[in-house]
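Contents: one structure, followed by commentary.
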Amino acid sequence: MFEPLPNNPSFPALEGKVLSRWKEGDVYEKSLQNRKDAERFVFYEGPPTANGMPHPGHCLTRSIKDLFPRYKTMQGFLCERKAGWDTHGLPVEVEVCKELGIHSKEEIEEYGVEPFIHRCQESVWRYMQEWEALTERLGFWANLDEAYVTYHQSYVESVWWSLKNLFDRGLLYRGHKIVWWWAQGGTALSAGEVGQGYREVADPSVFVEFPLRDQQEESLLIWTTTPWTLPSNQFAAVHVDLTYARVRDGETGRVLIVAESLVEKLAAQFKRELTVESTCSGSELLGLRYDPPFDYFYKNLGDNTGELIKGGKQVHQWRVVAADFVTTDSGTGLVHMAPAFGEADYDVLVAEQERFQEGEGPQLICAVGPDGKFTEVAGPYAGRWVKEADKDISRELRERGRLVLLDQYLHDYPFCWRADDDPLIQYPRESWFIRTTEFREDMLANNQQINWLPGHIKDGRFGNFLDSNVDWALSRERFWGTPLPVWVCSETGRMEAIGSYQELLDKAGLDGVQVWEKAKAENPELSDHLKVHKPYIDALTYASPFAEAGRMERVSEVIDCWYDSGAMPFAQWGYPHSHAEQFKQQFPADFISEALDQTRGWFYSQLAISTMLFGEHGAEQEAGAEYPHPYRNCIVLGLMLGEDGRKMSKSKRNYREPNEIFDKYGADALRWYFFANQAPWTPIRYKEQSIKESIPEFLLRLWNVFSFFTIYANIDGFAPEELLSGDAGELSADDLATASSYREVAERGELDRWVLSELHRTIEDVVSRMDHYDNYGAALALNEFVDALSNWYVRRSRDRFWAAEKQNAEKLDAYWTLYECLVTLAKAIAPFVPFLSDYMWQTLAGVFGERVPESVHLCNYPAVVNKLKDEELSVRMATLREIASLGRSARMNEKLKVRQPLQKVEVVLGDETYKPWLESHDALLREELNVKQIEYVTEADQYIDYLIQPNFKRLGPRVGKLIPQVKAVLAEANGAELLAQFDADGVVTIEVGGEPVILDNEDIQVRLQAKDGWAAAQGKNSVVVLNTELTEELIREGYARDLIRMIQDRRKELDCDFTDRISVALETDSLVLKETLAQHGDVVAAETLADNLVIGSLNAECVARNIAEADVQLYVAVNSSLE
RNA sequence: GCUCUUUUAGCUUAAUUGGUUAAAGCGUUGGUCUUAUGAGCCAAAGAUUGGGAGUUCAAGUCUCCCAGAGAGCACCA
């Protein structure tokens, strides 16, 4: 006996039961154990950060990340799923700062680096429980107990090893560059991080005059959106090929120099008359000296000169120089250059420096400190945050008459990705870089081999990103991160990189270990992993191998946390210091998946590091791994949008919490919604309503079939566990075939053969799609099968299940067929909806006890049984279903209810291929349409017109431009006659534009068109015509069915069990109803399990009904249950 | 500015890869079937396939231009 199912399933409750069974039975562990010697399917988990709450987007990634490993495991692969946590970096530090109510780097230092680090380490696990709960609740199977953690010593040491490798190969270098600088945080950010923080803001837009030194009434006019950079101005740049104009300002009478082509535009913008006085080329302006807007540096350095390499002297700065990047797209055609705050500006300075003899050139001018505030040199602005000083600078310039226009300018500007109120500034800084640009070609080659889904990522977004690769700004002047493992000699400045903690301990003259030991002694709770972190690691110094008196001291920086996650393919194993074997077995990954925002995050960091270490030009001993690595297939998920179609955001609260969804609808519902609603890379609109709607369509429909089966199997005592002895395997077709009463499928009825064929066709389709990472297509195929199973197979088999004779072979066939469908389906849907599938398995297969696997997730994915597939039957049945549908449609048009039997329908087929089959299998159709007779007619001219159209695909290439005429000729011709001609000769010749065109059968397509005046419905391939004539006999039969329906409804109202026997009586004046009862009473009684059915009354509640346009008093009493 | 994606019924999506009545689901309305069903079935209403041009016998599909949306890159002097 199958465990009876609840009437109204609560999926969340059911999932809870399944979860606890998984836990108690160690099912996940067993699923791996089962495959311990199998070929591997390698999955990498992109580590999330656990110091923020998980949200619906994480549910999507985790669902996809679970689906394919489950599928591959069932397909026979060993797929370990090592979880991981990203624990370093700004996100963590920022969280801790918020907690402490501090913000700037100085404040952290005041608070103390040591306690700060401790708090960071604790904070990392803040939402751990929520993450683990979500992971489990969603059914994401992963090895959480052995998760890799980026701050753990072994992980850090792996990262060190890789950095040492790069350092030793000259790929890790310290450089002076203009970097994007987070002033409040006191650190540079990488291109990737900067890119995440762009936001549209309105900045000031100022036009400023730089008066010519020797011509004070004339000015260079420049434009900037960063007035705060003006005090650090060093040059004005022009393009030598542009034409410039001297224009008279109608308002001030002064002369401005601007690009000629911009005069009109500027005049309009300034709302002033600008009269061109003369023009000259850019090259003529070169060398002109001007007064910078502020004299903080000018007053001392204004006349400084230096010796040029080519001979002669030149003034250092505040003169016009040439630069190619100057355009007239915006501004004035003259550009203010503050080399401290722009990469292009800086390049100009370097180029200028190179014109001078060594040490003779201009030096960088910078009026701003690393804290983003003006330094002492900037007079009244000293100590002020630059962005905040913009206004006053503009005001001062206006007062001094240097400002032509102050406006607003709307543009995107980067902010710190983790402190989004802090705008970044460009700033000159010494920083560590990885020479990724040297590997650009290698990375591109590697990328070409990756199977990206969707495909356009490869040459689109990701390829473009690689194309514009810049060296990776690796270092962070921060605290909580992997320390940069470079030690510098205090005497010579020479450096070396360290690859492990032990390597340090082995250094001669090591000192500083006591700092850690002391801290640990004072606080034994301290995690040992902290010893490789700041500040403890900074304390370690050793004797310099480069100078006798020298000490080796670590540089102060930590590294970009994106490097941590990118090192995950080897660092998760502590490679090469430990687990080298695991690394080799699990490299590269077969499958990874994250959202689109990881293109320059994890997708890039992994690819870059792997290419540099293991690629064609990687380190010698490791090099040469075949591309692609470290991942072969990558599903790039679309961004998830909130209920309103906008970006999901905590502050807008435009989404439901995952837990709310789990509690209301369950994890399967959410998963199925993700898998079956759209290709995973399209942006997903996360709406509660849509999740809700995905339930009835699939889960509930499946549940109903499942429930139907258990109800009837229990009633009839269908017990497969008794019919099948010995080991039951995994209840595959072969296993079931050994059961008694299980008939060879070939011997069963059409419907059984059909549904099993559909089942195996579906599985074949699903496997092929899943092997190509197409979960959407696979889910659609499964959905379609469940629909067919529920709405055609079960519906049309109902009579067999309801038949009284329990050992009837056809009835048993129905049970075996449906049972086989359900257990196979449970396996097929297991990776998608792991809970419901396992619940089905436990119920359906559970009756076998130990003789079958305890969980569906320990089974193999169902194999396609080719001999059960019958493509032809599939097409035939589809035709049959279409005819049934047309029949119903025709009935509706005539307002002939399905319960009213009809004598005959005639079916006209456009294509008669299946006519013989249809004729011999029309019982099903007769019943479905409730007619006595079905006739397939060939000569149907009276009912229909034949519309003949050319087969465009075939004829198009042949007749080309004549096609419209061919179409017209065929349309005008008598279709029936043409067809007759085809039948007779096989070809037909028509005259088109004076030329004969010979057409054969395949050159045309026939459409049927029902003629007016018939109760007919037409489809693509057939027309169904009803015989609407009703006899008394037919009408009485219809009433009998009405009576059955009326009594069944009453049974339902009375909450009868399926097997309850009843007594029925009814009172009516209707003669025809009385006749009906006399004639069909037996059938009515049998159908409704009535022991007696009489005209009259009963000792039971009386209800009023209306049948056959007559009033009826109905009495129904329950007798007893059938034993 | 450049690149990628995208635009089809009120909403969500389809259209055999260029083949001729643009198809479903949800929702709405009406009808119907059913002792598994919250399901199903039948139908009505709902479309100038974002706009425009071009190529072609034939364009939702290919090309170009324009517009909207989303994202990325760069710049923002």
Side-chain angles (χ1 to χ4, degrees), chain A residues 5 7-8 191 195 198 203 205 222-226 229 237 323 325-327 329-332 334-338 341-342 344-345 409 411-413 454 456-457 459-465 467-468 596-597 599-600 638-639 641 645 647 677-678 681-683 685 687 689-690 693 695-697 700-701 703-712 787 790-792 794-795 798 801-802 884-893 895 897-899 928 949-957 959-967 1007 1017 1045 1047-1052 1056-1058 1060 1087-1089:
Chain A
L5 302 184
N7 278 337
N8 292 313
Y198 275 90
D203 269 331
S205 158
I222 65 92
W223 173 66
T224 180
T225 56
T226 50
T229 60
F325 66 83
V326 175
T327 66
D329 294 344
S330 58
T332 62
L334 288 103
V335 176
H336 140 69
M337 311 238 77
F341 308 117
D345 307 36
Y409 187 71
H411 65 163
D412 285 332
Y413 194 86
H456 61 78
I457 298 285
D459 294 316
R461 183 174 304 238
F462 196 69
N464 286 340
F465 182 66
D467 265 333
S468 57
L596 191 64
D597 54 2
T599 27
R600 56 175 160 191
L639 289 183
L641 308 172
K647 235 184 184 172
N677 259 285
Q678 63 278 302
W681 41 83
T682 48
R685 185 103 155 252
K687 283 167 76 177
Q689 187 61 23
S690 322
E693 280 164 9
I695 296 176
E697 182 178 90
L700 201 57
R701 201 145 55 177
W703 175 269
N704 287 328
V705 179
F706 170 46
S707 164
F708 174 89
F709 173 82
T710 56
I711 289 168
Y712 284 91
D787 177 58
S790 169
N791 293 319
W792 194 248
V794 171
R795 176 186 161 83
R798 191 176 252 143
F801 288 107
W802 196 228
S885 176
L886 289 173
R888 282 191 295 263
S889 171
R891 289 189 85 110
M892 294 295 171
N893 288 337
K895 305 236 182 291
K897 299 199 292 187
V898 177
R899 252 180 256 139
E928 183 71 16
Q949 279 198 320
N951 177 348
F952 292 97
K953 208 161 190 171
R954 207 173 129 102
L955 274 181
V959 306
K961 291 198 186 206
L962 294 178
I963 274 255
Q965 294 177 61
V966 173
K967 184 179 174 183
R1007 283 213 165 106
R1045 176 94 291 269
I1047 297 166
Q1048 301 288 35
D1049 274 345
R1050 185 64 188 146
R1051 282 185 66 112
K1052 208 170 195 177
C1056 287
D1057 261 354
F1058 296 111
D1060 283 343
E1087 284 292 314
T1088 56
L1089 299 187

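By convention in this document, chain letters (A, B, ...) are assigned in the order of the sequence lines, proteins followed by strands, and residues within each chain are numbered from 1.
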So, OP1 or OP2 of [N]: does either fall under 4.0 Å of a side-chain N or O from [X]?
{"X": "S707(A)", "N": "U37(B)", "result": "no"}
{"X": "R795(A)", "N": "C33(B)", "result": "no"}
{"X": "K1052(A)", "N": "U35(B)", "result": "no"}
{"X": "R1045(A)", "N": "U34(B)", "result": "yes"}

Which nucleotide in the set [options] lies at the smallest distance from any side-chain heavy atom of [X]?
{"X": "L596(A)", "options": "A71(B), G19(B), U35(B)", "result": "A71(B)"}
{"X": "I963(A)", "options": "G19(B), U32(B), A36(B)", "result": "G19(B)"}
{"X": "V794(A)", "options": "U35(B), A36(B), U32(B)", "result": "A36(B)"}
{"X": "M892(A)", "options": "A36(B), C33(B), G31(B)", "result": "G31(B)"}
{"X": "L1089(A)", "options": "U32(B), U35(B), U37(B)", "result": "U35(B)"}
{"X": "F952(A)", "options": "A36(B), U20(B), U35(B)", "result": "U20(B)"}
{"X": "K897(A)", "options": "A39(B), U32(B), U34(B)", "result": "U32(B)"}

Glycosidic class, syn or anti, of U17(B) using a 90° window around 0: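 That one's syn.
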Heavy atoms under 4.0 Å, any strand shown: does [X] hit a base, just sugar-phosphate, or nothing?
{"X": "F341(A)", "value": "nothing"}
{"X": "W703(A)", "value": "nothing"}
{"X": "G342(A)", "value": "nothing"}
{"X": "R891(A)", "value": "nothing"}
{"X": "R461(A)", "value": "base"}
{"X": "T599(A)", "value": "nothing"}
{"X": "V705(A)", "value": "base"}
{"X": "P957(A)", "value": "base"}
{"X": "T710(A)", "value": "nothing"}
{"X": "Q949(A)", "value": "sugar-phosphate"}

Taking all non-hydrogen atoms of both residues into account, name the closest pair between [X] and [Y] and its distance.
{"X": "L5(A)", "Y": "S707(A)", "answer": "CD1-CA, 3.5 Å"}
{"X": "A884(A)", "Y": "W792(A)", "answer": "CB-CH2, 4.2 Å"}
{"X": "Y712(A)", "Y": "W802(A)", "answer": "CE2-CE3, 3.3 Å"}
{"X": "T224(A)", "Y": "T226(A)", "answer": "OG1-N, 2.9 Å"}
{"X": "V794(A)", "Y": "V705(A)", "answer": "CG2-CG1, 4.0 Å"}
{"X": "A338(A)", "Y": "H336(A)", "answer": "CB-CE1, 3.8 Å"}

Please give, in whole Å, the distance from [N] [atom2] to [X] [atom1]?
{"X": "W792(A)", "N": "U34(B)", "atom1": "CH2", "atom2": "P", "result": "14 Å"}
{"X": "D787(A)", "N": "A39(B)", "atom1": "CG", "atom2": "C1'", "result": "10 Å"}
{"X": "K967(A)", "N": "A58(B)", "atom1": "NZ", "atom2": "C1'", "result": "9 Å"}
{"X": "R888(A)", "N": "C42(B)", "atom1": "CZ", "atom2": "P", "result": "6 Å"}
{"X": "D1057(A)", "N": "A36(B)", "atom1": "CG", "atom2": "P", "result": "13 Å"}
{"X": "K895(A)", "N": "U32(B)", "atom1": "NZ", "atom2": "P", "result": "9 Å"}
{"X": "F706(A)", "N": "U37(B)", "atom1": "CZ", "atom2": "P", "result": "16 Å"}
{"X": "W802(A)", "N": "A36(B)", "atom1": "CH2", "atom2": "C1'", "result": "12 Å"}

Taking atom [atom1] in both [N] and [M], what distance in whole Å separates the two?
{"N": "A14(B)", "M": "U5(B)", "atom1": "P", "value": "16 Å"}
{"N": "C76(B)", "M": "A59(B)", "atom1": "C1'", "value": "42 Å"}
{"N": "A15(B)", "M": "A9(B)", "atom1": "C1'", "value": "15 Å"}
{"N": "A58(B)", "M": "A53(B)", "atom1": "P", "value": "15 Å"}
{"N": "C33(B)", "M": "C41(B)", "atom1": "C1'", "value": "7 Å"}
{"N": "G51(B)", "M": "U8(B)", "atom1": "P", "value": "10 Å"}

Once you round to the nearest 0.5 Å, how far does [atom1] of [X] lie from [atom2] of [Y]?
{"X": "N464(A)", "Y": "T599(A)", "atom1": "CG", "atom2": "OG1", "result": "10.5 Å"}
{"X": "D467(A)", "Y": "F462(A)", "atom1": "CG", "atom2": "CZ", "result": "11.0 Å"}
{"X": "I1047(A)", "Y": "C1056(A)", "atom1": "CD1", "atom2": "SG", "result": "11.5 Å"}

Dot-bracket summary - RNA chain B, pairs being Watson-Crick or G-U whose distances fall under 3.5 Å, with | when paired to another strand: (((((((..((((.....[...)))).(((((.......))))).....(((((..]....))))))))))))....
Pairwise 5' ranking along RNA chain B for S885(A) and I457(A), keeping only the more 5' one: I457(A)
Contact nearer the 5' end of RNA chain B, comparing N464(A) with E1087(A): N464(A)
Test item: Q949(A) and K967(A) side chains (from C-beta on) under 4.5 Å apart, heavy atoms: yes
Donor-acceptor under 3.5 Å (Q1048(A) side chain, E1087(A) main chain):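 Looks like yes, one N/O pair under 3.5 Å.
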